[in-house]
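Report on the following structure.
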2 protein chains.
Amino acid sequence: MAMVSIKDVAAHAGVSPGTVSNVLNRPGKVAPATRERVEAAISELGFVRHGSASTLRAGHSRTIGLSVIDIGNPFFTEVAAGVEDVASELGYAVILGNSAGSPDKEDRNLRVLSEHRVRGVLITPSGEDPARLDRLREHGISVVLVDHPAHRPDQCAVAVDDVAGGRAAVAHLLAKGARSVAYVTGPLTIRQCMERREGAKAAMLAAGLDPGELRVVEATTMTARAGEKAAAELTAGPLPEAVFCANDLLALGVLRALLRAGVRVPEDVALMGYDDIDFAAASTVSLSSMRQPTYQLGRIATELLLDECDNPETHAHQHIMFQPELVARESTQ
Amino acid sequence: MAMVSIKDVAAHAGVSPGTVSNVLNRPGKVAPATRERVEAAISELGFVRHGSASTLRAGHSRTIGLSVIDIGNPFFTEVAAGVEDVASELGYAVILGNSAGSPDKEDRNLRVLSEHRVRGVLITPSGEDPARLDRLREHGISVVLVDHPAHRPDQCAVAVDDVAGGRAAVAHLLAKGARSVAYVTGPLTIRQCMERREGAKAAMLAAGLDPGELRVVEATTMTARAGEKAAAELTAGPLPEAVFCANDLLALGVLRALLRAGVRVPEDVALMGYDDIDFAAASTVSLSSMRQPTYQLGRIATELLLDECDNPETHAHQHIMFQPELVARESTQ
DNA sequence: CGGCGGTAGTAAAACGTTCTATTAGCGGAG
DNA sequence: CTCCGCTAATAGAACGTTTTACTACCGCCG
């Protein structure tokens, strides 16, 4: 347990601790000869800077927090990959928090992030309570919303138009001839689920149908397992001609259950997912879906956050809204 | 940017900073009346403890590092979910590092983790260089290997028997009547890929075949896209009767490419994956695979790590080796 | 009534950095 | 030869906690 400090390095190189600090942080400020001496001492002693001490004194860390709703969902995994890539390029560490849809857990995670004095937080909020995020801001922690429109003007946000997505999805189903549509969704407290439903209704209205006819099946989570359960509910009554699912995991579950029940897709029921995760194209019946620029979402959000942190005076807050893209496959032929 | 410190709380509650610290860390040591007063002050001022200061003084943090090879792979995502669950239950934060198979990136990540003075590190090493991990240990950072056997006795490790897995997979293919087998793998520098190949050869030997006949196609990454490319190489020559893939992502890619090339699975070629990710069961032709206790891998590794950190004197190092389980589906009917 | 043991709380020193003055050294302009 | 300006390096305070040693107080026993 050899804890080598900056002092040891200084002694070994015959300089003062301040000089070592300068070598570490502003190498330009120190004469080449001494710099080399210090660098030699550093590698010789195996010194590694104590991040906490540095954070304490400097007042800020090189760490950001990422809070997502479900790390098991490939959508968020891909977002996380984008975040991690940018962060790592710029020398930031990422602390991962998985809220699993529970606001309590999200709160706990945000508390941990506050204690770590992260530079900023990327979050896909699971509820609609901006107060907690405002509290972070009051503590000087920048917040960028991911896959969620901004709560307020002086804040960055990167989102995808979910109303448009829901509308395009259901419009596509209706164009294929379906007259009755079911919407299999996660908890309607989740904004994405709610807005995709609004879009779905708008599409029905535009097609001259009664939006009230949209049959909504609400699952408690957005997983394949939950999709299977939801499908059971569908097959219990008269089958709709089309099913729109709030994400691909639900859709894959619904697909599996329908096929097992002897329902043909798309002949008996047309099926649409959302997110266009990699596996949508590879499933039993390849799945039509709404593609979102997932990896880009993570990258851009992180770039905005780090710009806000590193250049607070020149930073301009941005609200970015992507448009989702329809990908038609077998499940809606 | 109201930075409330323990001193402010102390002043507000009319006590000394030391007492506030006691309320935070050993509430039993302080009289109920004062404790309440302090707690009131804490919530009134919105105080949140400065983790770095605490880490600096106490000498250790409540943070662990997790370094995986590919966060985009559902296998690792599920491991991460297990890790996150246990860590969060015990009040630890998790710093995520994605090595993307590059030892350089892994090194960078480990350096970041060292700087953060994490309590311990969970790692699926991408190479076979134990030296870097030993360096961590010298700095007092515990290391637990995940999905990898132990490098040394005084270390915990949680692994799955990859040789046995490879053997079982290929034995299954041979039992279904295949005589020629191809192995589509990621880089053979990855231990898992190598050992599964050894298992595959052992199975051929046991069946009276020449292990040298195993046709090995080495992809540069272990993704579906890489699988598609590898399949192109397969379809170029005479088709093998069976293909064993080092993981399910490769297998899904191979499957997609084979079907597109008009090759029937399993009639023309039997196909096996590895990991049994959720999507294996849902794919076009449902995929036979080797199931591993993935979530448990993450959970148990984290429990071992935190036990090692929190009870260093009573902790007994463990090498846990799980056995994978064959799951037969359509692709090997 | 003096001393003893226990509890509740305090003061002050650490932890390893960064940062702000400050000094030392030196070349060149006046 | 003095003074200015500049670079290179230093000393020492500060960041917000935790911890150790200490004091103050109270009740109780002898």
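Being a predicted model, the structure only gives us computed values, none of them experimental. The basis for the numbers below is simple: all heavy atoms, side chains too, and nothing from hydrogens, waters or symmetry mates. Letters A, B, ... are given to chains in the order of the sequence lines, protein chains preceding strands, and every chain is numbered from 1.
Rounded to whole Å, the distance from NE2 on A/H50 to C1' on C/dA14 is 13 Å. In this structure, B/R35 atom CZ and C/dG9 atom C1' are separated by 15 Å, rounded to whole Å. Distance, A/I6 CD1 to D/dA11 P: 14 Å, rounded to whole Å. Here D/dG16 presents its P atom at 18 Å from NE2 of A/H116, a figure rounded to the nearest Å. For the pair A/H60 NE2 and D/dC15 C1', the interatomic distance rounds to 12 Å; values are reported in whole Å. Note: CG (A/D8) to P (C/dC15) measures 11 Å, nearest angstrom. Between the CE atom of A/M3 and the P atom of C/dT17 there is a distance of 10 Å, given to the nearest Å. Computed from coordinates, the A/E115 CD to D/dG16 C1' distance equals 13 Å when rounded to whole Å.
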| said: If you apply the rule ring pair (Phe, Tyr, Trp, His ring centres under 6.0 Å), what do you find for B/H317 with B/H319, and how did you get there? | reply: CA-CA 7 Å; B/H317 295 292; B/H319 299 176; 8.2 Å; no
| task | With side chain to side chain contact (heavy atoms under 4.5 Å, CB included) as the test, would you mind laying out the steps for B/L305 and B/C156 before giving the verdict? | result | CA-CA 8 Å; B/L305 179 66; B/C156 286; over 6 Å; no
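For the segment residues 18-32 of chain B, the set of residues with a heavy atom within less than 4.0 Å of an atom of DNA chain D comprises B/G18, B/S21, B/N25, B/R26, in numerical order.
For the OP1/OP2 pair of D/dA9 and a distance below 4.0 Å, the side-chain nitrogens and oxygens of A/T34 include at least one atom meeting the criterion. Using a 4.0 Å cut-off, no side-chain N or O of B/R117 falls inside it from OP1 or OP2 of C/dC15. Taking only side-chain nitrogens and oxygens, B/S16 comes nearer than 4.0 Å to OP1 or OP2 of C/dT10.
Which of C/dG16, C/dT18, D/dA11 sits closest to the side chain of A/A53 comes down to C/dG16. In this structure, of C/dT18, D/dC15, C/dA13, it is C/dA13 that holds the atom nearest to the side chain of B/R57.
Toward the 5′ end of DNA chain C lies the nearest nucleotide of B/P17, the other residue of the pair B/L56 and B/P17 mapping further downstream. Mapped onto DNA chain C by nearest heavy atom, B/V15 and A/R49 fall at different nucleotides, with B/V15 at the one closer to the 5' end.
Shown here for B/V4 and B/F47, the closest heavy-atom pair between the two residues is O-CD1, 3.3 Å.
A salt bridge does not link B/R62 with A/E115: none of the charged nitrogens is closer than 4.0 Å to a carboxylate oxygen.
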Collect all protein-nucleotide pairs involving nucleotides 21-25 of chain C in which both atoms are nitrogen or oxygen and the distance is under 3.5 Å.
none

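For the residue pair A/T63 and B/H116, a side-chain donor N or O sits within less than 3.5 Å of a side-chain acceptor on the partner. Under the 3.5 Å distance criterion, with hydrogens and angles disregarded, no donor-acceptor pair is assigned to the side chains of B/R117 and A/S52.
When B/V94, B/I64, B/V68 are each tested for a side chain to side chain contact (heavy atoms under 4.5 Å, CB included) with B/L122, only one passes: B/I64. Screening A/L145, A/D147, A/V143, A/V146 for a side chain to side chain contact (heavy atoms under 4.5 Å, CB included) with A/P125, the sole residue that qualifies is A/L145.
A distance of 8.5 Å separates CD of A/E84 from CD1 of B/I71, quoted to the nearest 0.5 Å.
For CZ of B/R111, the number of neighbouring non-hydrogen atoms (other residues, nucleotides, ligands) closer than 6.0 Å is 12 at most.
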